[in-house]
Number of protein chains: 2
Amino acid sequence: MVNEMESKISAAEWEVMRVVWAQDKVTSKEIIDVLQQKKDWKPATTKTFIGRLVKKGILHTEEEGRKFLYSSAVNESDFINSTLDETFEHICNKDVGNAIVNLLSNATLSFKDIDKIEKVIEMKKKEAVEEIPCNCVPGQCRCNNCSSGH
Amino acid sequence: MVNEMESKISAAEWEVMRVVWAQDKVTSKEIIDVLQQKKDWKPATTKTFIGRLVKKGILHTEEEGRKFLYSSAVNESDFINSTLDETFEHICNKDVGNAIVNLLSNATLSFKDIDKIEKVIEMKKKEAVEEIPCNCVPGQCRCNNCSSGH
DNA sequence: CTTTTTTGTTTACAAATGTAATCGAAATTT
DNA sequence: AAATTTCGATTACATTTGTAAACAAAAAAG
């Protein structure tokens, strides 16, 4: 898993990371070109983000002559998962299911995806509960309104 | 749905919103108390966030004597969904299924949740595809590496 | 061998965010 | 009525983020 600490990257930095993840090792020029296309960023802008990612330790550098080859210190899937987990920390456990249902509704899925999902659901069935315990602090969720004796 | 524009709130502001969502109408004092507990924020800090949310039009105010009753201009579920959608915009369509599988693995689900998920999956099955078309720009995803003729 | 280009580094600067103190008017307490 | 508390509004200030120009050293081109 990605260390939660080092995974703090901004939306703009994420764009840079996607280019790196797509290639394992890239030069700044490649990143700059892709993002000039996609985001219309000036080379200087992209350079700033690259620099910040290196400073944060999320990009590794390997000297190749006088320039660098950049590579990611974190795995993309891990990063995606921990980003999503972070979002779910703002949500009551009771609402997680609905959020996922919504994601599923909006997603384009392959047969393979559906297989995998069905498998997880089979497992989840075994540990499913009647009522999910609310994990919110009193005052941040209706579930706790009464039990918290306010 | 939440207007994508007005839904731009920070992590700290989200904490405030959760208190508001939990009650429909709240006074600043209630918000301040809850977040003093949960986040150890000074009253002034919470007030800042409330003020910013009002300015952004995400919190509505209703005068009640010389003070205010705050209420949310956006629905919590809608907000959660559009936040998640935003995250998924950083992910190749091909990877969405896996991300969801991961979320499911980590989630605690109720029988009702599972029912709902199974229903969506039944529908999704009908429109499932063999191969999900990659929606990334060339250079930001391995899928496009070859077809983009670089 | 000079000129130009490339590429990493430094500097710039506004907006957003996190965190909070202060201030002033109204309300409550004494 | 005077003192105190409450609460919204204003001000403060450091950090992060978005966006980019300028600079310097090295490499490539002419």
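Naming convention: chains lettered A, B, ... in sequence-line order (proteins, then strands); numbering from 1 in each chain.
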A.B. asks: Does C/dT19 have OP1 or OP2 under 4.0 Å away from a side-chain N or O of B/Trp41?
C.D. replies: yes
A.B. asks: Whole angstrom is fine here: how far is it from CG in A/Leu35 over to P in D/dT17?
C.D. replies: 17 Å
A.B. asks: In whole angstrom, give the distance that lies between atom CD of A/Glu63 and atom P of D/dA25.
C.D. replies: 16 Å
A.B. asks: B/Glu62 CD to D/dG8 P: how many Å, rounded?
C.D. replies: 13 Å
A.B. asks: Can you tell me the distance, in whole Å, between the CG atom of A/Leu53 and the C1' atom of C/dT9?
C.D. replies: 16 Å
A.B. asks: Report whether A/Leu84 and A/Ile91 are members of the same hydrophobic cluster (ILVMFWY, side-chain heavy atoms less than 4.5 Å apart, transitive linking).
C.D. replies: yes
A.B. asks: Can you tell me if A/Lys56 touches the phosphate of D/dT17, counting only side-chain N or O atoms and a distance under 4.0 Å to OP1 or OP2?
C.D. replies: yes
A.B. asks: Is any side-chain N or O of A/Lys42 closer than 4.0 Å to OP1 or OP2 of D/dA22?
C.D. replies: no
A.B. asks: Going by side chain to side chain contact (heavy atoms under 4.5 Å, CB included), B/Ile117 matches just one of A/Val120, A/Asn98, A/Ile121. Which one?
C.D. replies: A/Ile121
A.B. asks: Given A/Leu59, which of A/Val74, A/Val26, A/Leu53 fulfils the side chain to side chain contact (heavy atoms under 4.5 Å, CB included) condition?
C.D. replies: A/Leu53
A.B. asks: Please say whether more than 12 non-hydrogen atoms of neighbouring residues, nucleotides or ligands are located less than 6.0 Å from NZ in A/Lys116.
C.D. replies: yes
A.B. asks: Let me spell it out: for each of A/Tyr70 and A/Arg52, pick the nucleotide of DNA chain C with the closest heavy atom. Which residue's pick is nearer the 5' end?
C.D. replies: A/Tyr70
A.B. asks: Determine the contact category for A/Phe68: base if any of its heavy atoms lies under 4.0 Å from a base atom, sugar-phosphate if only primed atoms, P, OP1 or OP2 are that close, otherwise nothing.
C.D. replies: sugar-phosphate
A.B. asks: So which one's nearest nucleotide on DNA chain D is more toward 5', A/Arg66 or A/Thr45?
C.D. replies: A/Thr45
A.B. asks: Looking at B/Lys56, B/Arg52, B/Lys8, which hits salt bridge (charged side-chain N to carboxylate O under 4.0 Å, His left out) with B/Glu13?
C.D. replies: B/Lys56
A.B. asks: Rounded to the nearest Å, what distance is computed from the CD1 atom of residue A/Ile9 to the P atom of nucleotide D/dT17?
C.D. replies: 10 Å
A.B. asks: In this structure, how many angstroms lie between the P atom of C/dT9 and the NZ atom of A/Lys67, rounded?
C.D. replies: 14 Å
A.B. asks: For C/dG18, does either OP1 or OP2 sit under 4.0 Å from a side-chain N or O belonging to B/Thr48?
C.D. replies: no
A.B. asks: For a quick test of reading the model: is some side-chain N or O of A/Ser28 closer than 4.0 Å to OP1 or OP2 of C/dT6?
C.D. replies: no
A.B. asks: Go nucleotide by nucleotide along DNA chain D from the 5' end; which of A/Gly65 and A/Thr46 gets its closest nucleotide reached first?
C.D. replies: A/Thr46
A.B. asks: Of the nucleotides C/dG8, D/dT19, C/dT17, which has the atom closest to the A/Phe49 side chain?
C.D. replies: D/dT19
A.B. asks: Rounded to whole Å, please give me the gap between NZ in B/Lys55 and P in C/dT17.
C.D. replies: 12 Å
A.B. asks: According to a strict under-4.0 Å criterion, is B/Lys47 in side-chain N/O contact with OP1 or OP2 of D/dG8?
C.D. replies: no
